[in-house]
Amino acid sequence: MFFMKISVDEAQKLLKLGKVVALPTETVYGLAASMDYPEAVSEVFSLKNRPSDNPLIIHLEKSFDLFQYIQEKPPCLEALMSAFWPGSLTLAMEVDRLKVPENVRANLKTAAFRVSSHPVVKEVAKKVGPIVMPSANLSGRPSSTKPEHIFYDFGEDFPVVDGGLCEKGLESTVLCFTNQVWKIGREGALPKERLKQILGYEPEALRSSKAPLSPGMKYKHYSPEATLKILSDSAQGKVVIGFSDRIYQNSKAVYSLGISSNSEEIAKNLYKTLRQIDEDGHNLVFIDCQMPKGDLYEVILERLEKASSI
Ligand code: TXA
Ligand code: MG
C-alpha cells in the first residue's frame, strides 16, 4: 500500500504554501494549517466535517509567544505555563481579537493555545509560525494516534509526518479562563490533580456545569463505527475490549488495552483499539469498564462513555 508519508521539511513547505498536513504530537495527531492562511484553516474545518462553531487550538513554538495575543494575563497563567508547557495542557483565554483570525476562534472572544512537547511541532512552528491544529480525525471519530488512522479517515494520499504511535494517546486537557476562574473545558492527558497543585483549587469540570465552555464537548465524539456496549455479565461469544491481566472466558475475541493497573498504557492504546475493531469489521463490541479509581481512569471512562453513546 502507498502512503503519503512526508518529511518535516516537506511539511513546512506545504504549510507555507497554504496546504493542510497531519503532524504527530505527544497527545494525538493533528491536522495542521498555518494560522497565516485563513483558507487553509477553512479547509481544516471542511476536511474534518467540523462545525464552524467549534474553535481550534493554536500551537505555538515557545511559551512566551502567547503574550502577543493577549491583553491581560489571567491569574496563575505564568505558573501554569511554566509547570506544563511544553506539554499536554491547552489554555483558553480572552485574546486581542485582531490578532487571532475569526475562524480559528469560531468567533469567540477567547482562543486556545498549546505548546506541544513533540519535536516535530516545535520544528514546524519555528519555521512556519503558529500552527492551527485540531485532532486529525473526521468529526465524531476517535482521534488518530498512528499515521494509518489518518489514511483511514482522509485517504491514502493524505500527507502525514510519521511520528509512530503517540506517547499519551489522549487529547490535551483544556483549561479555560472565564468569569475570573479557570475551568476545565475538556479533561485529557494532563490529570486534574496536577492542575490543583498549581491553582490551589480543583478546577470545576465542564461536565458538572450547565453551559458548555468548550464548544466541542456538545458534539458526538470518539466513536468507532461498531456499536460499543459495557460488558456487564459473561463474555461468552462476545468480542471484548479488556485487559491483559483478566480472563474473558469463552469470548469470541479479546482486544487488550494493556494491564488494568497501568492507566497510561491504557490511554495510549485506547483509540488505536477502538479503530482496530472497525478495521477488523466487528459490529458489536463489549468493553470491560471495571477500572481502578484515579484521574486518568476517569478520563478514559469518559471517552468510552462518549464512544458508546449514540
Ligand atoms: O491534544 C490536543 O489537544 C490535540 C492536538 C493535535 O494538539 N488537538 C485537539 O484539538 O484535540 P480538537 O480541535 O480536536 O479539540 C480542541 C478542543 C475542543 O473541545 C474545542 O472546543 C476546545 O478545544 N477549544 C478550542 N478553542 C477553545 C476556546 N476558545 N475556548 C474553549 N474551548 C476551546
Ligand atoms: Mg478532536
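In each ligand, atom 1 is the first atom listed, and ligand 1 is the first ligand listed.
The heavy atom nearest to atom 28 (C) of ligand 1, considering only P24, S144, A92, is found in A92. Of all the listed residues (A22, S143, P55), P55 holds the heavy atom that lies closest to atom 26 (N) of ligand 1.
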*Applying salt bridge (Lys or Arg N to Asp or Glu O under 4.0 Å), run through K127 and E123 and close with a yes or a no.*
CA-CA 7 Å; K127 288 251 171 72; E123 223 180 306; 5.7 Å; no
*Give the intermediate values and the outcome of salt bridge (Lys or Arg N to Asp or Glu O under 4.0 Å) for residues E171 and R303.*
CA-CA 10 Å; E171 303 79 2; R303 299 298 199 260; 3.0 Å; yes
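At a threshold of 4.5 Å between non-hydrogen side-chain atoms, the residues K272 and K146 count as touching. Side-chain contact between P101 and V41 is absent, with no heavy-atom pair separated by less than 4.5 Å. The shortest distance between side-chain heavy atoms of L66 and L60 falls below 4.5 Å.
Taking only nitrogen or oxygen atoms, main chain and side chain alike, T27 reaches within less than 3.5 Å of ligand 1. Considering both main-chain and side-chain atoms, T110 comes within under 3.5 Å of ligand 1 through a nitrogen or oxygen pair. The N/O atoms of H59, backbone and side chain alike, include one that comes under 3.5 Å of an N/O atom in ligand 1.
Listed by first and then second residue, the side-chain hydrogen bond (donor to acceptor under 3.5 Å, both in side chains) pairs involving residues 58-70 amount to none (not counting sequence neighbours). For residues 241-291, every residue pair satisfying the ring pair (Phe, Tyr, Trp, His ring centres under 6.0 Å) rule, not counting sequence neighbours, is listed here: Y222-Y271, Y255-H282. Applying the salt bridge (charged side-chain N to carboxylate O under 4.0 Å, His left out) test to every pair with at least one member in residues 246-267, sequence neighbours left out, gives these pairs: R246-D288.
When only modelled atom types and interatomic distance are considered, R194 and T173 share no side-chain donor-acceptor pair under 3.5 Å.
Within the structure, the closest approach of R50 to ligand 1 falls below 4.0 Å when heavy atoms are considered. The shell of residues lying under 4.0 angstrom from ligand 1, judged by heavy atoms, includes C176. In this structure, M93 falls outside the shell of residues with a heavy atom less than 4.0 angstrom from ligand 1.
Set against the non-hydrogen atoms of N54, the atoms of ligand 1 under 4.0 Å away are 18 (C), 20 (C), 21 (O). Short contacts between ligand 1 and V28, defined as distances under 4.0 Å to a heavy atom of the residue, involve ligand atoms 4 (C), 6 (C).
Distances under 2.8 Å from the Mg ion (ligand 2) pick out the protein N/O/S atoms S135 OG.
Under the 4.5 Å side-chain heavy-atom criterion for ILVMFWY residues, no single connected hydrophobic cluster contains both V161 and I57.
The local environment of CG in D280 is crowded, with over 12 non-hydrogen atoms from other residues, nucleotides or ligands closer than 6.0 Å. Heavy-atom neighbours of K19 NZ from other residues, nucleotides or ligands within 6.0 Å: at or below the threshold of 12.
Here A111 has backbone heavy atoms under 4.0 Å from ligand 1, and that is the only part of it that gets that close. Looking at R186 against ligand 1, only its side chain comes within 4.0 Å, counting heavy atoms.
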